[in-house]
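Not measured: the values here are computed from a predicted model. To find a chain, count down the sequence lines: A is the first, B the second, and so on, and within it residues start at 1.
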Protein chains: 2
Amino acid sequence: MSDLIQKCLDAGLSMTTARRAILRALENSEDHPDAFVLHDRAKAYDPTIAQATVYRTMRILEQEGLVEKHDFGNGRARYEEAEKAQHDHLINLSTGEIIEFQDPGLEALKIEIAKRLGFHLKDHRLELYGVPRK
Amino acid sequence: MSDLIQKCLDAGLSMTTARRAILRALENSEDHPDAFVLHDRAKAYDPTIAQATVYRTMRILEQEGLVEKHDFGNGRARYEEAEKAQHDHLINLSTGEIIEFQDPGLEALKIEIAKRLGFHLKDHRLELYGVPRK
DNA sequence: CCTAAACATGCGAATGAGTTGCAAAAGCAA
DNA sequence: TTGCTTTTGCAACTCATTCGCATGTTTAGG
């Protein structure tokens with residue numbers, strides 16, 4: 001169940017109270033929390049957690065490839081469990097809401113374009129910004 | 001010739017020495033300079049320019065839609081004349097080099113996906129990160 | 001051109017996200 | 001448990017970007 005905790009153990013990370021709390025908070029998040037929101041949520045499991053620990057933990061998880069860090073342009077990084085992140089994002093400019101989507105044709109095209117330019121695709125970022133159609 | 005200066009005038013912006021210098025520097029840039037590089041280049045036309053003025057000017061130009069602000073993940077915003085920015089970017093992870101590309105099929109697909117989700121596409125951002133194929 | 005109001009500038013100080021040094025507190029392996 | 005390593009909380013720091021303010025430039029109207 002606690003997939004992330006297991007993955008961290010597998011990666012050889014030591015498991016502390018603070019870390020467990022943050023991992024749980026992240027796992028239970030269906031959205032894309034920033035470091036402050038994540039801190040708040042983690043406090044539910046361990047009220048003594050410091051903001052700095054959230055940043056430190058997120059950095060480690062990102063390096064381990066367990067977390068993806070996004071920047072949707074409001075000056076704060078937002079995080080998402082890597083496993084849940086097999087999609088791109090559309091940002092509703094009217095509300096700030098973030099919609100996830102996936103398109104196989106698009107994925108293939110990204111790889112194809114990189115190849116055409118002589119590169120092997122390692123990573124990519126696609127964000128669409130739109131307003132609702134009436 | 002000085003397209004940007006004319007566009008600024010058309011937009012009703014007042015034209016100062018500092019602004020002209022920054023606009024020229026930007027116009028002569030074929031790459032994606034950050035605020036510091038742009039500051040350096042603008043000093044060639046007006047050595048008294050302050051960094052803050054570069055930031056202020058870029059913000060105004062962005063609001064007017066004359067400039068695009070990019071974030072390629074190194075913590076510094078990078079700017080590009082909007083007119084020259086009809087393309088996406090591939091970042092060479094080995095060298096940091098930025099390659100511009102354009103793909104009509106991709107453009108169409110972005111619009112199509114937004115439409116399918118019920119949105120009218122206002123803006124988008126696509127970055128591919130890759131390593132050279134041997 | 002000249003003038004006044006409007007706007008932009010340079011400077012240094014402030015902001016705010018993210019990082020870091022350090023001493024104290026866990027975690028971990030034996 | 002012991003001793004060693006890693007992590008934590010805190011506060012102080014960094015660094016890109018923004019802001020306040022007093023001064024200098026632009027611009028529109030005569």
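What separates CZ of A:R19 from P of D:dG9 is a distance of 11 Å, to the nearest Å. Protein atom CZ of B:R76 is 10 Å distant from nucleotide atom P of D:dC15, rounded to whole Å.
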Determine, stepwise, if the pair B:D88 / B:Q102 fulfils side chain to side chain contact (heavy atoms under 4.5 Å, CB included).
CA-CA 6 Å; B:D88 297 305; B:Q102 211 178 354; over 6 Å; no
Please assess B:E112 against B:K115 for the test salt bridge (charged side-chain N to carboxylate O under 4.0 Å, His left out), listing each intermediate value before the final yes or no.
CA-CA 5 Å; B:E112 148 68 17; B:K115 193 170 175 181; 6.0 Å; no
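Taking A:H39 as the reference, nothing meets the ring pair (Phe, Tyr, Trp, His ring centres under 6.0 Å) condition, with sequence neighbours excluded. Every side-chain contact (heavy atoms from CB on, under 4.5 Å) that A:T53 has, sequence neighbours left out, goes to A:A18, A:I22, A:A50, A:R56, A:T57. Applying the ring pair (Phe, Tyr, Trp, His ring centres under 6.0 Å) test to B:H120 and every residue at least two apart in sequence or in another chain returns nothing.
Pairs of residues two or more places apart, or lying in two chains, that qualify as salt bridge (Lys or Arg N to Asp or Glu O under 4.0 Å) and include a residue from residues 34-48 of chain A are A:D31-A:R41, A:D34-A:R76, A:D40-A:K43. The side-chain hydrogen bond (donor to acceptor under 3.5 Å, both in side chains) analysis of residues 59-73 of chain A, with sequence neighbours excluded, yields the pairs A:H70-A:E80.
Taking every heavy atom of residues 55-66 of chain A and every atom of DNA chain C, pairs under 4.0 Å involve A:Y55, A:R56, A:R59, by number. Heavy-atom distances under 4.0 Å link DNA chain D to A:T48, A:I49, A:A50 of residues 37-50 of chain A, given in residue order.
Using a 4.0 Å heavy-atom cutoff across all strands shown, A:A52 reaches at least one base atom of the nucleic acid.
Between B:C8 and B:L61 there is a side-chain heavy-atom pair separated by less than 4.5 Å. Looking at A:N92 and A:I98, their side chains never come closer than 4.5 Å, going by heavy atoms from C-beta outward. Within the 4.5 Å cutoff, side-chain heavy atoms of B:E81 are placed close to those of B:L4. Two residues are said to be in side-chain contact when any heavy atoms from C-beta on lie closer than 4.5 Å; B:H89 and B:F72 meet this criterion. Using a 4.5 Å heavy-atom threshold, the side chains of B:E127 and B:I91 count as touching. Here the side chains of B:N28 and B:Y45 are in contact, with some heavy-atom distance below 4.5 Å. Side-chain contact check for B:I5 versus B:R19: every heavy-atom pair is 4.5 Å or farther apart. Side-chain contact between A:D10 and A:Q6 is present, with heavy atoms from C-beta onward closer than 4.5 Å.
A:Q86 contributes a side-chain N or O that, together with a main-chain N or O of A:A82, makes up a donor-acceptor pair within less than 3.5 Å.
The hydrophobic cluster containing A:L126, built from Ile/Leu/Val/Met/Phe/Trp/Tyr side-chain heavy atoms closer than 4.5 Å, also comprises A:L90, A:I99, A:F101, A:L106, A:L109, A:I111, A:I113, A:L117, A:F119, A:L121, A:L128, B:L90, B:I99, B:F101, B:L106, B:L109, B:I111, B:I113, B:L117, B:F119, B:L121, B:L126, B:L128.
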Protein-proximity profile, nucleotides 22-30 of chain D, B/S/- by nucleotide at the 4.0 Å heavy-atom cutoff, equals ----SS---
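Under the 3.5 Å distance criterion, with hydrogens and angles disregarded, a donor-acceptor pair is assigned to the side chains of A:E100 and A:H32.
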Strictly under 3.5 Å: I want the nitrogen or oxygen pairs between protein and nucleotides 1-3 of chain D, one per line.
none

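Of all nucleotides in DNA chain C, those with any atom nearer than 4.0 Å to a heavy atom of chain A start and finish, going 5' to 3', at C:dA17 to C:dC28.
Axis angle, first five pairs versus last five pairs of the helix from C:dC1-D:dG30 to C:dA30-D:dT1: 40°, rounded to 10°.
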